[in-house]
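These numbers were taken from a predicted model, which means no experiment stands behind them.
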Amino acid sequence: MTTQLLDGPGRTLECIHPKFMVDLVLGVDAARQPPVVPQQQHFRERLTQEIVTQTKLRPWAMAGMFSENAALRLGLAEKLAGMFDPGHLALTRMTDKLTSLRQQANPRGQHPPGLMQQYDDLSSHFSKRAAYKEKALSQRGLMVQAGEHSEQIFTRWRAGHYDGWSLAGRCCVALEELRWGAFGDACRLANRDVSAMLKDNLRSMAANYLAQGIHASPTTRHFYHQWLTTPVTPGLMDHKDLLGWLGDWCHAERHPVCWSVTQSWQPVALGMPRLCSAKRLADAMVNEMFGE
């Protein structure tokens, strides 16, 4: 089994495993989740097989089993969380979902043996890890962590690690990396003033890097196709599919810019400006992604 996604467009992305773990836990309640289009479903199956192969977790490789099996999905999430650092965002999302699943469970309903206990055990485990991580981040200094993480991601952008994506796609990938890591932790855990300052700095950095990519000033407007066109490379579809998966949280009306950048198989959202500068693009993506 090859790992074309993880060794190709995903080779330097640290947000893949945390998001994948969260998807596993969210998928336990698949009936309540938005339907997945066939193209995205095929990508998720490929990514699952690659992660199972990469981590040598062969018991979970049995064809299609854990797509329908809650205990197997949770077991795989637990194993992966022991191999990779999920980060504070992933830990809190998994905890919240497990707590919700436990509260919604009908005490008189038919549940697989041990599933309710698995919800409780994993929820407690992830909650404790999140609290420990929050304490460790605060002791070291949220600003220090955020600064180091930001510098690392923008260095990768400058070095061409994200060049397989469109200009706007590179920005979106960088922001996702920051959101799932220490920078995002700092934005969520710091006080309002510090969080606002971090996001202001991020908007400025992202706008400048976008402008450099198109060889213009951050305020010069360009037709949106110039921002959204993916370079023609042998791995073009893998890059598009991975970006689409990273942005599968987007809604066309609530997140029109991130939707238009990531969901390339869909029509551009009505709220996506047809003429836009690097600054407007960066401002919108930071606001949409970091919840303002």
Side-chain angles (χ1 to χ4, degrees), residues 10 12-22 81 83-96 125-162 165 167-213 217-219 246-247 249-250 255 257-258 261 277-292:
T12 62
L13 300 192
E14 296 170 351
C15 63
I16 290 177
H17 291 99
K19 175 172 163 46
F20 181 79
M21 291 178 227
V22 171
M83 302 174 75
F84 302 95
D85 179 7
H88 188 268
L89 176 60
L91 289 168
T92 52
R93 286 193 175 177
M94 290 190 289
T95 300
D96 291 346
H125 173 66
F126 289 148
S127 177
K128 288 175 182 175
R129 282 187 64 177
Y132 176 82
K133 193 164 193 64
E134 186 171 338
K135 182 179 178 182
L137 284 165
S138 299
Q139 286 178 341
R140 179 149 188 241
L142 293 171
M143 291 288 288
V144 173
Q145 299 272 74
E148 290 179 355
H149 190 209
S150 178
E151 183 177 353
Q152 177 189 62
I153 297 306
F154 279 102
T155 297
R156 288 177 184 169
W157 186 349
R158 185 168 57 245
H161 289 203
Y162 310 145
W165 286 285
L167 290 172
R170 295 167 203 174
C171 183
C172 204
V173 167
L175 295 181
E176 285 286 6
E177 286 280 85
L178 292 168
R179 183 166 74 106
W180 286 94
F183 183 91
D185 294 342
C187 288
R188 287 184 301 277
L189 298 174
N191 64 49
R192 183 177 298 180
D193 289 343
V194 170
S195 179
M197 183 184 71
L198 288 171
K199 293 173 189 176
D200 283 344
N201 290 340
L202 179 57
R203 291 184 190 95
S204 176
M205 288 279 287
N208 284 331
Y209 273 63
L210 277 169
Q212 289 169 22
S217 78
T219 56
L246 288 175
W249 55 271
C250 299
H255 319 104
V257 174
C258 287
V261 173
S277 65
K279 182 180 186 307
R280 185 172 182 187
L281 208 57
D283 286 353
M285 282 196 278
V286 171
N287 292 345
E288 292 177 9
M289 202 173 292
F290 286 82
E292 287 192 2

Problem set entry | Residue pair Arg188, Asp185: steps toward the side-chain contact (heavy atoms from CB on, under 4.5 Å) verdict | CA-CA 5 Å; Arg188 287 184 301 277; Asp185 294 342; 2.5 Å; yes
Problem set entry | Main-chain N/O of Thr95 paired with Ser127 side-chain donor or acceptor, under 3.5 Å | no
Exercise. Would you say the side-chain atoms of Thr92 pair up with the backbone N or O of His88, donor to acceptor, closer than 3.5 Å?
Worked result: yes
Problem set entry | Results of side chain to side chain donor-acceptor pair (under 3.5 Å) for Ser217 - residues two or more places apart only |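 Residues passing side chain to side chain donor-acceptor pair (under 3.5 Å) with Ser217: Thr219, Thr220.
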Problem set entry | Residues in salt bridge (Lys or Arg N to Asp or Glu O under 4.0 Å) contact with Glu148, at least two apart in sequence or another chain | Arg140
For this session: Could I get the full list of salt bridge (Lys or Arg N to Asp or Glu O under 4.0 Å) partners for Glu14, not counting sequence neighbours?
Result: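 Here the qualifying residues are Arg156.
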Work out which heavy atom in [X] is nearest to a heavy atom in [Y]; give both atom names and the distance.
X      : Y      : result
Gly184 : Phe290 : CA-CE2, 4.3 Å
Ala190 : Ser195 : CB-N, 4.3 Å
Leu281 : Ala168 : CD2-CB, 3.9 Å
Cys258 : Cys250 : CB-SG, 3.5 Å
His149 : Leu178 : CE1-CA, 3.6 Å
Val257 : Ala284 : CG2-CB, 3.7 Å

Working to the nearest 0.5 Å, report the span between [atom1] of [X] and [atom2] of [Y].
X      : Y      : atom1 : atom2 : answer
Ser150 : Asn201 : OG    : CG    : 8.0 Å
Glu176 : Met285 : CD    : CE    : 11.0 Å
Cys15  : Leu246 : SG    : CG    : 5.0 Å
Cys172 : Leu210 : SG    : CG    : 10.5 Å
Arg158 : Glu151 : CZ    : CD    : 8.0 Å
His255 : Asn287 : NE2   : CG    : 11.0 Å

Could you tell me whether the side chain of [Y] reaches within less than 4.5 Å of the side chain of [X], counting heavy atoms only?
X      : Y      : value
Gln152 : Glu177 : no
Phe183 : Leu175 : no
Tyr209 : Arg170 : no

Exercise. Does the pair Asp200/Arg203 count as a salt bridge with the N-to-O cut at 4.0 Å?
Worked result: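 Yes, Asp200 and Arg203 are salt-bridged.
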Exercise. Do NZ/NE/NH1/NH2 and the carboxylate oxygens of Lys133 and Asp85 come within less than 4.0 Å?
Worked result: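 Yes, this pair counts.
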For this session: Return the orientation label for the Trp157 and Tyr162 ring planes: parallel under 30°, perpendicular over 60°, tilted otherwise.
Result: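 Plane angle between 30° and 60°, so tilted.
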For this session: Test Asp96 against Phe126 for side-chain contact (heavy atoms from CB on, under 4.5 Å), laying out the working first.
Result: CA-CA 10 Å; Asp96 291 346; Phe126 289 148; over 6 Å; no
Exercise. On the ring face of Trp249, is Arg179 found with NZ or CZ under 6.0 Å from the centre and within 45° of the axis?
Worked result: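 Yes.
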